[in-house]
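No hydrogens, no waters, no symmetry mates; every other heavy atom, side chains included, goes into these values. Order of listing sets the numbers, starting from 1, for every ligand and every atom in it.
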Amino acid sequence: MRPRELASGLSLFPARTPTLLPATHTNSYALGGREVVLVEPATPYDDELRAWIEWARSLEGIGRTPVALFATHYHPDHVGGVDVIARELGLPLWTHEETAKRIGPEKVARRLVDGDEIRLDGPALQTWRVLETPGHAWGHLCLWEPLQRTLIAGDMVASEGTIVIIPGDGDMTVYLAQLQRLRALDAALALPAHGDPIDDPNALFDRYIAHRLAREGRVLAAVEAAGALGANDVDLVPIAYADTSPTAWPFALFSLQAHLAKLVAEGRVLSEEGKFRKRARRQSL
Ligand SMILES: [Zn+2]
């Protein structure tokens with residue numbers, strides 16, 4: 001059922017979007033008791049847009065007034081409805097400059113940076129701190145409310161589907177560092193863009209970090225198995241992802257490339273003419 005009331009001044013409205021299966025929806029959240037920020041103007045579909053706008057308008061009836069839209073990042077399953085929603089509701093969009101650059105600077109009224117605060121008036125004042133957490137996408141933003149220890153997590157983690165790191169758009173080294181930073185918040189509740197609310201965020205962050213490091217180990221082992229001649233990324237996928245279904249391999253290739261970029265940057269793997277091989281251990285004298 002939607003919307004779902006998660007707490008006072010915090011509701012969830014999932015809408016169907018063209019996202020990555022098995023996820024089929026992107027979550028929007030209404031933050032704030034009296035002044036409200038609406039997170040993720042995501043859906044591009046007419047029927048879902050109508051339902052979304054109706055939801056946003058219904059908030060007025062219970063004394064909650066939307067003052068702005070907020071987007072965590074520029075992927076189409078997060079900003080696909082921004083034009084229609086901004087026009088219909090007459091609301092400004094607040095997001096990061098990297099998102100503004102990609103969706104059109106004229107659409108963004110307020111550029112948020114790490115450390116900014118969004119203060120929302122209500123029966124209880126809510127103060128959301130802006131965290132810049134790149135890695136999945138440049139300029140990706142999370143929001144952190146330290147009293148209830150609630151995190152709007154965007155696409156940093158998901159309780160449904162996987163987070164894809166595409167080189168050029170994301171960066172595995174940066175992503176892992178930002179996951180560690182989110183882990184250190186010791187959040188009580190993480191609200192992802194896809195899937196249900198997460199009541200034990202630390203366990204999920206730990207699982208994500210361990211999973212990525214285990215995969216990195218498999219990628220490194222696959223490169224090592226290719227020997228002195230090395231192998232290209234496409235040929236490494238079936239080895240490094242032997243434990244996953246071949247239907248997942250086209251996306252696995254992106255993650256593998258992201259892992260390889262990290263290993264190359266760390267000097268553990270050499271890349272020459274599209275082939276990857278393990279860097280020989282330095283000989284000691
Ligand atoms: Zn995304």
Side-chain angles (χ1 to χ4, degrees), residues 12-29 37-45 48-49 52 69-83 85 93-104 107-108 111-112 114 130-144 151-179 181-182 190-198 201 204-205 207-209 211-212 215 248 250-259 261-262:
L12 159 63
F13 190 91
R16 194 162 45 81
T17 54
T19 187
L20 199 57
L21 290 169
T24 54
H25 288 64
T26 300
N27 293 328
S28 284
Y29 298 97
V37 165
L38 300 170
V39 176
E40 315 287 45
T43 183
Y45 302 127
E48 289 292 273
L49 273 169
W52 202 101
L69 305 172
F70 169 85
T72 58
H73 64 297
Y74 46 82
H75 287 158
D77 58 326
H78 294 257
V79 291
V82 70
D83 292 348
I85 290 170
L93 174 65
W94 299 350
T95 190
H96 191 274
E97 172 65 17
E98 292 288 342
T99 301
K101 273 199 315 214
R102 287 164 177 86
I103 66 169
K107 295 179 185 173
V108 179
R111 282 155 175 77
L112 297 166
D114 195 272
V130 174
L131 307 176
E132 188 180 341
T133 57
H136 167 72
W138 298 112
H140 183 287
L141 298 177
C142 290
L143 294 177
W144 169 239
L151 179 73
I152 299 294
D155 269 358
M156 291 301 286
V157 288
S159 48
E160 186 178 35
T162 47
I163 299 300
V164 179
I165 307 298
I166 299 177
D169 199 21
D171 181 300
M172 191 63 77
T173 309
V174 174
Y175 175 66
L176 279 169
Q178 291 298 332
L179 279 182
R181 179 186 180 203
L182 295 179
L191 301 172
H194 307 288
D196 285 332
I198 299 156
L204 189 71
F205 287 130
R207 205 155 68 236
Y208 263 63
I209 293 164
H211 170 78
R212 296 288 174 173
R215 185 62 64 191
F251 275 104
L253 176 62
F254 292 133
S255 288
L256 176 116
Q257 288 167 338
H259 281 295
K262 176 173 183 283

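Distance alone, capped at 3.5 Å, places no donor-acceptor pair between the H136 side chain and the I165 backbone. Side-chain atoms of E48 do not come within 3.5 Å of backbone N or O of A15 as any donor-acceptor pair.
Distance check, rounded to the nearest 0.5 Å: CE of M156 to OH of Y175 gives 5.5 Å.
The two residues E40 and T26 make their nearest non-hydrogen contact at CB-CG2, 4.3 Å.
Every residue two or more places apart in sequence or in another chain that forms a side chain to side chain contact (heavy atoms under 4.5 Å, CB included) with D196 is listed here: R4, S159.
Using modelled atom types and a 3.5 Å distance limit, the side chains of T17 and D77 yield no donor-acceptor pair.
Among protein atoms, those of element N, O or S found less than 2.8 Å away from the Zn ion (ligand 1) are H73 NE2, H75 ND1, H136 NE2, D155 OD2.
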